[in-house]
Number of protein chains: 2
Amino acid sequence: MARAATTSDVFNAIAEPQRRELLVLLRAGERPVTELAQELGMTQPGASKHLRVLREVGLVRDRKAGKQRLYGLDARGLRPVHEWTGGFERFWNESFDRLDAYVQDLKQARQEE
Amino acid sequence: MARAATTSDVFNAIAEPQRRELLVLLRAGERPVTELAQELGMTQPGASKHLRVLREVGLVRDRKAGKQRLYGLDARGLRPVHEWTGGFERFWNESFDRLDAYVQDLKQARQEE
DNA sequence: CGATCATATTCCTATATCGGCATACGTCAA
DNA sequence: TTGACGTATGCCGATATAGGAATATGATCG
């Protein structure tokens, strides 16, 4: 089997650095493709393809505005990623010396995921 | 060019669902490969390969324990992902074309509860 | 040493990219 | 309609997978 499709879920979609850059740029507001491409130093077809992936996983929405097509952020899909990583928060705040204590705690409530 | 290597960064490493499952499982403590593989219904070589990727991006560390090799979580690498997604937190509840107004609505609604 | 258990690596196949280039499509203006 | 502009899509080549099977490496014990 090959790698999963980038359009399969948000985790795959944001694995691409340029797509992450696109998302960051879109926090400033809606933008047409050409502007995004230019600002990130990518070609127009390149930007279009990445935006397509982002749209297919729901991280981006598009809207026609005359000749242009404005892309805008829909960051709701990033929330699950934030929450999933947040499930590890206590592990990066604690030194490894004290991890064992947490491990014991977790062993009791171990059927969470 | 193809997609960047999974070993290049954490975003790519956690794009794989089985690797995420491994990480979740490791929150309960160190485990040998075979146990992890069995619990997740994967083959031993499959588990070994995924653990290798996780180790190369630093999300997992291993330690010899006799015949076995115990894998343990090192979740510090997940923090950048958490923080990156956190940068979109205020957009999660965004109404696509009227962010500011919607944010105000939410703030008010929250206070009225 | 030889046997056995635990884990890692190699070889293989099928597939999903990502980027570049050319081009098709869609919309507006004259 | 024709042309110009903005955007999307199709095709290509090169590469990095993920999974399966077989095998190699490593460690322990009798």
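Residue numbers start from 1 in every chain, and the chains themselves are labelled A, B, ... in the order their sequence lines are given, proteins ahead of strands.
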message = For the backbone of A75(B) and the side chain of W92(A), can you confirm whether one donor and one acceptor N or O come within less than 3.5 Å of each other?
response = no
note = To the nearest angstrom, the CG-C1' distance between L54(B) and dA18(D) comes to 14 Å
query = Are the side chain of R20(B) and the backbone N or O of I14(B) linked by a donor-acceptor pair below 3.5 Å?
reply = yes
inquiry  = On DNA chain D, does the nearest nucleotide to A4(A) precede the nearest nucleotide to E35(A) from the 5' side, or the other way round? Give the residue.
reply    = E35(A)
For E89(B), side chain to side chain donor-acceptor pair (under 3.5 Å) partners two or more places apart = none
query = So which heavy atom on Q18(A) is nearest to which on L40(A), and how close?
reply = O-CD1, 4.4 Å
ask   = Hey, can you pull the residues of residues 36-43 of chain A with a non-hydrogen atom under 4.0 angstrom from DNA chain C?
value = T43(A)
ask   = Between D74(A) and R61(A), is there a side-chain N and carboxylate O pair less than 4.0 Å apart?
value = yes
request  = Mark yes or no for whether S8(A), through its side chain, and A4(A), through its backbone, hold a donor-acceptor pair below 3.5 Å.
outcome  = no
request  = Summarise how protein sits on nucleotides 24-30 of chain D as a single string, 5' to 3': B when a protein heavy atom is under 4.0 Å from the base, S for sugar-phosphate-only contact, - for no contact.
outcome  = ---SS--
message = Salt bridge check, R52(A) against D62(A): does any charged N sit closer than 4.0 Å to a carboxylate O?
response = no
request  = Let me know the distance between CG of N12(B) and C1' of dT17(C), rounded to the nearest Å.
outcome  = 11 Å
H50(A) NE2 - dG20(C) C1' separation (whole Å) = 12 Å
query = Can you tell me how far C1' of dA16(C) sits from CZ of R19(A), to the nearest Å?
reply = 11 Å
Within the sub-3.5 Å range, which N or O atoms of nucleotides 9-12 of chain D have a protein N or O partner, and how far apart are they?
| unit_1 | atom_1 | unit_2 | atom_2 | d |
| --- | --- | --- | --- | --- |
| dT9(D) | OP2 | R52(A) | NE | 3.2 |
| dG10(D) | O6 | K49(A) | NZ | 3.1 |

query = Are H82(B) and W84(A) an aromatic pair by the rule of ring centers under 6.0 Å?
reply = no
ask   = Rounded to whole angstrom units, what separation is found between the CG atom of L51(B) and the P atom of dA8(C)?
value = 7 Å
note = With sequence neighbours left out, the residues meeting side chain to side chain contact (heavy atoms under 4.5 Å, CB included) with Q38(A) are none
First of T7(A) and M1(A) reached from the 5' end of DNA chain C, by closest nucleotide = M1(A)
query = Does OP1 or OP2 of dA6(C) have a side-chain N or O of Y71(B) closer than 4.0 Å?
reply = no
remark   = Closest non-hydrogen atoms of L25(B) and E39(B), given as atom of the first, atom of the second and distance, are CD2-CB, 3.9 Å
key: Residues which pass salt bridge (Lys or Arg N to Asp or Glu O under 4.0 Å) with R55(B), listed by chain and number, not counting sequence neighbours   = none
query = When the distance from CG of D62(A) to P of dG6(D) is rounded to whole Å, what number comes out?
reply = 18 Å
message = In this structure, how many angstroms lie between the C1' atom of dA24(C) and the CZ atom of R69(A), rounded?
response = 15 Å
